[in-house]
Structure formats: structure tokens, C-alpha cells
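For reference, the structure is listed below as C-alpha cells.
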Amino acid sequence: MTRAVVTGGAGFIGSSLVDALVERGDEVVVLDDLSTGYEDNVNPAATLVEGDVADPEAVARAVAGADLVFHLAAHRAVLRSVEHPLQTDRANTAGTLTVLEAARDAGAHRVVCTSSSSVYGGAAPMPTPESAPLSPRSPYAVSKLAGEHYARVFWELYGLPTVSIRPFNVYGPRQRPDSQYAAVIPLFIDALRRGEPPVVHGDGGQSRDFAYIDDAVAAFLAAASAPVGACAGKAYNVAGGSPVSLLELLSALEAIMGKAVVPVHTDPRPGDVRHSRADLSAAAADLGWAPLVGLEEGLRRTVAWFSERAGAGIA
Ligand SMILES: NC(=O)c1ccc[n+]([C@@H]2O[C@H](COP(=O)([O-])OP(=O)(O)OC[C@H]3O[C@@H](n4cnc5c(N)ncnc54)[C@H](O)[C@@H]3O)[C@@H](O)[C@H]2O)c1
């Protein structure tokens, strides 16, 4: 039986990955400090180890005997990293290095690390291939790029097969609107449900290449099983493949939810990129992965999850 460790497995993306691993019969250990994750996200068939990903002892305990390590634990909010760069660096850069060392020492067969599209910094050609110049513009993005380099170096120096994923904006069930640094899709859905005007930063013409959670999970699984020679030491874009502007996104949600709203426009957020669009050809060629869930279908499923939560009395 494959033993898989998922750091950040109580979070939005990690917990869905855990479900998929349990479903296919893996023995799964989750390492999470529950700082932005939730215990009730964790599949009951998985073992939850509460601990900090930058704590070598906790990580070594969790990773002992692992065949596969999926490293998703991170401080994921760009704004938080601007406010607390050292905290973000400790969790993200030192955290990634700690996981890589533990995985190497445990003899893991593969480590899939989680980078971010923010490493491009908005200066790239569109659609953006992985070979585009990297220009991280926040402490978060710097920490993600540092993690990618550590992953590559662990392959080159120690022969530990590593792959990094660069997710663009991921959305879907379990992504919550109530955190201080919530993402745009849960915020829009929550506002529409409450009949409140959603907040749009700037003119709403900025576009994003949203990836549905099931497609993101499939990319992590593909990165764990693709031939080592094709992907070790490399990083891959993961996105939905059909970018939309925030105003188009809002219209799509209005149509699905049968509501009409007038958004409130605020100042653009400093450092926000105008357009974001992934070239997905490398992930298709090397990992055999491509997104399958279109935006409208993904939004429908996400709206349905919000309704189920409300039906179960969860705000
Ligand atoms: N959601 C997106 O659109 C997106 C885009 C690009 C990259 N990512 C990356 O994907 C990964 C997962 O993001 P998510 O959206 O699921 O966020 P999330 O906040 O829901 O998940 C992160 C998880 O990591 C845990 N964690 C944080 N710091 C930790 C620490 N020091 N030790 C142990 N656990 C810790 C949190 O409790 C949480 O469960 C992150 O690495 C993030 O940077 C996400």
C-alpha cells in the first residue's frame, strides 16, 4: 500500500487531495498546524498530525516511511506576506526545505511541492509558459520561488525526485469566504447569497485563469506518477485554460444564482497583476494532464456546495 503524506491536508486544496488519495486506497498522513485549515476538512480515514511544517522533528515523524509527499502547507495570502514577510518565509521557504530534507532522509520516491503563478509577477508573455522570466513581486511569491529552487536542487544534488506545481487561481468546494484573506470566487458567491454588493478592486477588467479544484487535484496526482525523466526538478502551470475578467465572472455567477447586483468598485490592490493566463502545454506533454471542468460547471458545483452548507446550518 502506498503511504502518502499531505502537508496542509486540512486546507482547501490539500483536503481534496487527501480525499482522492484515500479513495484510491493510499494510507494517508496529514501534517497541518490548523492555522488556516480545519480539522473537519480532514478525511476520517487519514491520520492527522498537528504540527508545524518548519519543525524538523514534527516533519520527520510525519514523513517516516512515506512513499509520496505532497507539500501544500503554506501561508498562502499575498497580503499577509506583505504585512508579515518573515512569518511567511519561515512557513513557506524554511517549511519547504524542512519537508525536502525529511523526505530525502525517509527515502521518499517523489515529492510534489506547491509553488504559485505569482512567481511570474505579471511581467510574462500571455499565455505564460514556464520558461517566462520570473519576477516575484511579494514576499509570498519570493518564498514560493525559493521553494521551487530548493525542490530542483534536491533532485540535482540528492536524486530526490521532486516536481513543483504552479497553480493559478484555484476555486471550488471548501474554499471559504470568511477568512481575512479570502479569494474572489467565495467572496462573490457569499455576497450574492446575502444580497450584498460584491467588492471589485479596480475596474473589474483584470482577468484570471481559474482552475477548478478537481482539476488541480488531478494535476497533483499526475505530478506524482509521471515518469521521473520527464518531470523531476521542474515546475508546471496548472490553470483552468479559459481566463475571464472579474466582471465576466460576476455575470456568470449572477446567471447561475439568479441574482443581479451592482458591485462596489474600490481602488485597485497594489501589486495585483492585470491579466493572468497559463500556457498548459508543458503539463500536457510531461504530466499528461489537462483541465476537464469548464468554468460554468465548476461555478455551479461551487455554488451548490455553499447551498449545502447553508442547508446544514453552517453559515
Ligand atoms: N488556492 C489557490 O488559488 C492557490 C494558488 C496558488 C498556490 N496555492 C498554494 O496551494 C497550497 C494550498 O493552498 P490553499 O488554497 O489550500 O490554502 P489553505 O490555507 O486552505 O491551506 C494551507 C494549509 O496549510 C496549513 N499550514 C499553514 N502554515 C502551516 C505550517 N507552518 N505548518 C503546517 N501547516 C500549515 C494551514 O492550516 C492550511 O490547512 C499553498 O501552498 C498555496 O500557496 C494556492
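When a ligand or atom number is given, it counts from 1 through the structure's own listing order. Just so it is clear, the values below take in all heavy atoms, side chains as well, and ignore hydrogens, waters and symmetry mates. The first residue of the sequence shown is numbered 1, and numbering continues consecutively from there.
The 4.0 Å heavy-atom shell around ligand 1 contains residues Gly8, Ala10, Gly11, Phe12, Ile13, Asp32, Asp33, Leu34, Ser35, Thr36, Gly37, Gly51, Asp52, Val53, Leu72, Ala73, Ala74, His75, Arg76, Ala91, Thr114, Ser115, Ser116, Tyr140, Lys144, Pro167, Phe168, Asn169, Val170, ordered by chain and number.
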Residues 19-26 side chain polar contacts: donor-acceptor under 3.5 Å, at least two apart:
from  : atom 1 : to     : atom 2 : distance (Å)
Asp19 : OD1    : Asn43  : ND2    : 3.0
Asp19 : OD2    : Arg174 : NH1    : 3.2
Asp19 : OD2    : Arg174 : NH2    : 3.0
Arg24 : NE     : Asp26  : OD1    : 3.3
Arg24 : NE     : Asp26  : OD2    : 3.2
Arg24 : NH2    : Asp26  : OD2    : 2.9

All N/O donor-acceptor pairs, side-chain side in residues 91-101, below 3.5 Å, sequence neighbours left out:
from  : atom 1 : to     : atom 2 : distance (Å)
Asn92 : OD1    : His75  : N      : 2.8
Asn92 : ND2    : His75  : O      : 3.1
Asn92 : ND2    : Ser143 : OG     : 3.1
Thr93 : OG1    : Asp89  : OD1    : 2.7
Thr96 : OG1    : His71  : NE2    : 3.1
Thr96 : OG1    : Asn92  : O      : 2.6
Thr98 : OG1    : Ala94  : O      : 2.6

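Below 30°, between 30° and 60°, or above 60°: for Tyr120 and Phe168 the angle between ring planes is between 30° and 60°, a tilted geometry.
Taking a cutoff of 4.0 Å between a charged side-chain nitrogen and a carboxylate oxygen, Asp190 and Arg176 do not qualify as a salt bridge. A salt bridge does not link Lys144 to Glu148: none of the charged nitrogens lies less than 4.0 Å from a carboxylate oxygen.
Judged as a salt bridge (Lys or Arg N to Asp or Glu O under 4.0 Å), the pairs with a partner in residues 30-58 (not counting sequence neighbours) are, in order, Asp52-Arg90.
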